[in-house]
Amino acid sequence: MLLGLKRHYKKRCQGRMRKHVGDLCLQAGMLQDSLVHYHMSVELLRSVNDFLWLGAALEGLCSASVICHYPGGTGGKTGARRFQGSSLPAEAANRHRPGAQEVLIDPGALTTNGINPDTSAEIGRAKNCLSPEDIIDKYKEAISYYSKYKNAGVIELEACVKAVRVLAIQKRSMDASEFLQNAVYINLRQLSEEEKIQRYSILSELYELIGFHRKSAFFKRVAAMQCVAPSISEPGWRACYKLLLETLPGYSLSLDPKDFSRGTHRGWAAVQMRLLHELVYASRRMGNPALSVRHLSFLLQTMLDFLSDQEKKDVTQSLENYTCKCPGTMELLTLPGGPTLPPVPFTKLPIVRRVKLLNLPASLRPQKMKSLLGQNVSTKSPFIYSPIIAHNRGEERNKKIDFQWVQGDVCEVQLMVYNPMPFELRVENMGLLTSGVDFESLPAALSLPAESGLYPVTLVGVPQTTGMITVNGYHTTVFGVFSDCLLDDLPGVKTSGSTVEVIPALPRLQISTSLPRSAHSLQPSSGDEISTNVSVQLYNGEAQQLVIQLENIGTEPLETLEVTSRLLTTKEKLYGDFLSWNLEETLAQFPLQPGKVATLVINIKAKLDFSCQENLLQDLSDDGISVSGFPLCSPFRQVVRPRVESKPVNAPEGGKPGDPSHMKTLEAILNFKYSGGPGHAEGYYRNLSLGLHVEAEPSVFFTRVTTLPATSTRQCHLLLDIFNSTEHEVTVSARGNEELILHAGECQRMAIQVDKFSFESFPESPGEKGQLANPKQLEEERQEARGLEIDSKLDVHWRIPSLKRTGEASVEGLLSQLVLEHLHLAPLQWDVLVDGQPCDCEAAACRVGDPVRLEVRLTNQSPRSVGPFALTVAPFQDHQNGVHNYDLHDAVSFVGSSTFYLDAVQPSGQSACLGALLFLYTGDFFLHIRFHQDSASKELPPSWFCLPSVHVRALDAQA
């Protein structure tokens with residue numbers, strides 16, 4: 001038994017010595033010798049079950065084999081770290097490896113105990129170094145032997161680390177993770193806090209080495225938490241913060257918010273939020289509130305979709321508490337280690353879905369003068385169309401908007417936003433970010449309701465210079481954090497363009513009128529926008545003045561002004577000028593300086609058709625009144641019962657035309673085209689529109705217009721049957737006539753004696769106005785001109801004394817062709833003179849027995865030559881009972897022939913024929929002058945041969 005113990009002890013000593021010699025050979029660079037000694041040591045120690053030294057021999061064998069396979073070594077930048085400076089126990093420091101224990105063996109006994117100093121033969125017989133797979137197996141075996149000893153934890157941990165580094169070179173990550181997992185559970189007795197931090201840091205580095213980034217981040221975070229463990233009297237918050245920053249890549253977390261705006265979210269949001277909360281807390285404990293605000297802002301911006309409603313409230317409350325002491329900014333924050341934290345703009349508070357640059361209001365939009373439009377056409381290409389040019393223009397449209405802003409005017413940008421928070425969101429100091437020109441942004445403050453839908457927000461500003469301005473984004477202040485939000489960084493934002501041209505300043509015109517504003521908004525078909533609408537109610541034929549105050553409310557002088565009008569109502573026939581004005585007095589006040597006011601007077605005249613159509617004639621017939629003709633022997637006066645009860649309260653606008661109870665509507669637009677200042681020099685102007693709504697109420701109607709011949713051939717009687725359609729007493733007057741008083745609903749006849757009209761000055765053939773003129777249109781124009789001339793001569797006016805309102809009553813459009821013929825002065829003007837005195841209206845006196853000289857004179861006003869003519873004079877007496885006595889041979893005698901002859905008369909010429917009569921008895925005689933039926937008289941209309949009636953009164957010779 002003692003012999004066996006002695007043999008066992010001897011093998012153990014030999015095995016340990018071989019292991020020790022192998023270590024020395026390895027340190028001396030004798031790689032092959034070390035392999036031989038390690039192999040022999042393993043065989044000897046395995047036979048005696050010396051597991052601690054066997055594990056050390058296997059580890060040495062693995063180390064020598066690793067050197068053979070990987071001469072460059074396994075320790076990179078991370079592998080060079082060891083437990084330097086650690087306060088390991090003294091025994092562990094002295095026992096870095098089991099083979100380092102001091103063994104008291106006599107060197108001379110090596111030979112006597114079977115260890116030959118000359119190992120060349122053994123080296124030759126040595127096995128080759130371990131294969132890469134065998135290296136890992138031997139490491140596993142060595143670690144299993146170490147694990148049998150409680151005090152060998154450090155050695156076991158070191159072996160695991162070495163195995164992991166070898167496996168990292170072999171890119172066997174899963175096998176390496178098994179070794180690391182074993183290293184985690186190795187009990188190293190009571191370690192200091194610093195040693196724990198280093199242990200977890202090394203584990204994190206090894207996991208990073210094998211590509212297990214999340215595992216690496218986990219142990220680095222554990223190390224960070226260990227830095228501020230409760231057992232530490234002075235927690236290392238800076239070291240904790242630094243280690244936490246290093247864990248961010250492992251959790252797919254970046255401190256740049258731009259990385260979270262692209263694609264889907266990466267990583268576990270819950271873990272990321274926990275880590276961000278720890279960063280906020282660590283930075284606060286470091287005494288750096290700016291870092292706390294930046295990390296909390298980052299948490300709210302990037303993790304908003306993963307926060308519950310309560311978490312959103314808690315985070316925002318914490319952020320407001322931090323920003324009370326240190327407001328959030330857009331500056332880069334430099335960390336103590338050198339890296340910088342980018343700013344975190346709140347692009348989700350609120351979320352913007354659409355950005356649209358708004359055009360100026362219609363009254364302020366600049367327009368280019370037509371004469372200057374062609375100057376901007378590019379002539380670089382000789383081709384009418386090029387697809388390359390069209391493509392470039394399409395790209396340009398995506399950037400530049402096709403309207404302009406004006407220097408010095410307030411410009412607007414509309415944002416469609418919504419609030420994703422479960423509570424009311426207050427946004428302060430919200431304004432525009434621009435480039436290109438000097439721009440004064442006017443900040444706005446808004447409050448969005450909880451989880452609101454799309455909400456329009458308008459941001460305004462004033463460009464101070466001219467050029468191309470680009471809207472790059474907007475800035476806000478939310479929860480005390482100032483943010484610059486760029487459009488390029490906003491995902492899913494729709495915009496029609498962000499660049500617009502700013503033209504030089506233009507004046508601004510504001511108009512105020514003497515008429516009240518209208519509730520009717522005009523909708524012109526051309527799409528023009530009306531800035532102001534006014535309304536007025538007039539009787540048909542009434543005129544009223546519209547006084548317009550033109551005030552320059554801009555900063556530039558108003559230099560030019562043009563006023564035009566356009567009638568929107570086309571179904572009603574208007575006579576005369578509906579709108580008229582004199583611009584010279586207004587322009588005399590120009591240039592109109594800022595703050596100054598000029599006055600323009602617009603004359604409004606509602607002059608519609610005064611004819612009464614079938615519905616009123618039916619009303620009159622129902623009342624038993626005949627309107628086909630009126631007796632002239634006595635004054636006509638009939639009263640029509642007012643039909644107020646038959647009038648609808650609100651007559652529809654589309655009622656039957658001609659209805660006297662119908663309120664006709666007239667609509668027109670006044671356009672004010674003005675310019676001045678630098679914009680005028682560049683060819684720009686503005687257009688301001690004023691809408692005018694006129695309700696024309698019927699005043700009087702002409703139910704019938706007829707004519708009667710007068711005693712003179714150059715005059716006639718115009719008979720006007722006038723009906724008062726108002727509810728007031730109306731007086732009607734004409735030139736040279738007394739006023740006619742009409743009660744409400746009353747109809748009377750007015751007879752006006754007028755001189756016949758010569759219409760020869762109007763065009764008679766289409767050739768006079770051009771070969772392409774429409775004959776029908778020419779005839780209508782000729783008839784309108786005749787009606788206008790007749791109406792101006794009649795000068796019919798009505799007046800309502802109770803309302804003190806007056807107006808015109810026009811017969812234009814009422815005169816039939818027959819009436820016009822009766823009013824037309826014949827081109828052949830016949831004059832009959834008795835003793836040299838014209839005989840047209842009054843009776844000519846003569847003496848019985850004295851010859852009376854008779855002269856017939858013809859003036860040709862036609863464009864053609866007429867004649868010759870033969871005329872016969874037949875005297876007669878009128879017995880006033882319808883009997884004319886032509887048998888007067890005993891009472892009247894001709895001196896010469898009773899037939900007169902006239903030669904041909906040229907245009908504008910005159911001819912006369914003379915004769916004489918002798919009256920033998922006293923009395924009233926009439927002369928009937930007849931034309932002979934010859935070819936010359938047959939060619940002309942009968943109305944051309946209208947001779948005046950000749951009345952001769954023969955008196956006693958002694959009287």
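Only this structure's heavy atoms are used, side chains among them; waters, hydrogens and symmetry mates stay out. Just so it is clear, the structure is predicted and the values come from calculations on it, not from any experiment.
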Parallel under 30°, tilted from 30 to 60°, perpendicular over 60°: which one fits the rings of Y281 and W237? perpendicular
Is the shortest side-chain heavy-atom distance between S173 and Y207 below 4.5 Å? no
Could you walk me through whether R238 and K242 pass the side-chain contact (heavy atoms from CB on, under 4.5 Å) check? CA-CA 6 Å; R238 290 188 177 275; K242 183 178 180 181; over 6 Å; no
Has S41 got a side-chain atom pairing as donor or acceptor with H37's backbone, closer than 3.5 angstrom? no
Only one of K19, R16, R12 forms a side chain to side chain donor-acceptor pair (under 3.5 Å) with D50, so which one is it? R16
Whether the side chain of S65 engages the backbone of L61 through a donor-acceptor N/O pair (distance < 3.5 Å, no angle test) should be reported. yes
For the residue pair V280 and Y322, establish whether any side-chain heavy-atom pair is separated by less than 4.5 Å. yes
Taking atom NZ of K11 as the centre, does the number of heavy atoms from other residues, nucleotides or ligands within less than 6.0 Å exceed 12? no
When rounded to the nearest 0.5 angstrom, what is the spacing between NZ in K348 and CG in L304? 6.0 Å
So do L206 and F219 actually touch side chain to side chain, heavy atoms under 4.5 Å? no
Gap between atom CZ of F423 and atom CG of D309 - 0.5 Å precision: 9.5 Å
Quick one: are T347 and C485 in side-chain contact, heavy atoms under 4.5 Å? yes
Contacts of P449 that satisfy side chain to side chain contact (heavy atoms under 4.5 Å, CB included) - sequence neighbours left out: S452
Go through the side-chain N and O atoms of Y146 and E158 and say whether any donor and acceptor fall under 3.5 Å apart. no
What are the two closest non-hydrogen atoms of G60 and Y38, and how far apart are they? O-CE1, 3.3 Å
Do you know the tightest heavy-atom contact between S34 and G22? CB-O, 3.4 Å
Is the backbone of L255 close enough, under 3.5 Å, to the side chain of D259 for a donor and an acceptor to pair up by distance? no
Looking at F260 versus F298, is the centre-to-centre ring distance below 6.0 Å? yes
Tell me which one of T316, V481, V315, V344 satisfies side chain to side chain contact (heavy atoms under 4.5 Å, CB included) with L296. V315
Hey, do the aromatic rings of F306 and W268 have their centres closer than 6.0 Å? no
Show the numbers, then the answer: is there a side-chain contact (heavy atoms from CB on, under 4.5 Å) between E205 and I202? CA-CA 5 Å; E205 292 176 3; I202 293 297; 3.9 Å; yes
K162 to S63 - nearest heavy-atom pair and separation: NZ-OG, 4.5 Å
Strictly distance-based, threshold 3.5 Å: is any side-chain N or O of R294 a donor or acceptor partner for the main-chain N or O of L341? yes
CZ of R354: more than 12 outside heavy atoms within 6.0 angstrom? no
With rounding to the nearest 0.5 Å, note down the distance linking OG in S297 to CG in L319. 4.5 Å
Closest heavy-atom contact between I186 and C160? CD1-SG, 4.1 Å
Any side-chain donor near an acceptor of the partner, T334 and T340, under 3.5 Å: no
Under 4.5 Å between any side-chain heavy atoms of P420 and L349, yes or no? yes
List the steps, then state whether side-chain contact (heavy atoms from CB on, under 4.5 Å) holds for I136 with F179. CA-CA 10 Å; I136 303 305; F179 282 94; 3.8 Å; yes
So how far is it from L245 CG to C240 SG, rounded to the nearest 0.5 Å? 9.5 Å
Do E59 and Y145 have side-chain heavy atoms sitting under 4.5 Å apart? no
Look up atom CG in L307 and atom NZ in K312, then write down how far apart they are to the nearest 0.5 Å. 7.0 Å
For residues H69 and Q170, determine if any side-chain heavy atom of one lies less than 4.5 Å from a side-chain heavy atom of the other. no
Do other residues, nucleotides or ligands put more than 12 heavy atoms under 6.0 Å from E331 CD? no
Check whether any side-chain N or O of N288 sits under 3.5 Å from a backbone N or O of S292 as a donor-acceptor pair, and report yes or no. no
What are the two closest heavy atoms between A57 and L45, and how far apart are they? CB-CD1, 4.3 Å
Please report the interatomic distance CG(L244) to CD(E278), rounded to the nearest 0.5 Å. 6.0 Å
Is there a donor-acceptor pair closer than 3.5 Å between any side-chain N or O of Q226 and the backbone N or O of E193? no
Begin with the C-alpha distance, continue with both residues' side-chain angles, and end with the deciding distance and a verdict on side-chain contact (heavy atoms from CB on, under 4.5 Å) for E451 and M421. CA-CA 6 Å; E451 297 179 350; M421 305 301 281; over 6 Å; no
Q310 side chain near D314 side chain, heavy-atom distance below 4.5 Å: yes
Output yes when a side-chain donor or acceptor of T323 lies under 3.5 Å from a complementary backbone atom of F479, and no otherwise. yes
Say whether N182 and E178, considering side chains only, have a donor N or O and an acceptor N or O under 3.5 Å apart. no
Shortest non-hydrogen separation from A64 to L35 and the atoms involved: CB-CD2, 3.4 Å
List in chain and number order the residues that pass salt bridge (charged side-chain N to carboxylate O under 4.0 Å, His left out) with R284, two or more places apart in sequence or in another chain; answer none if no residue qualifies. none
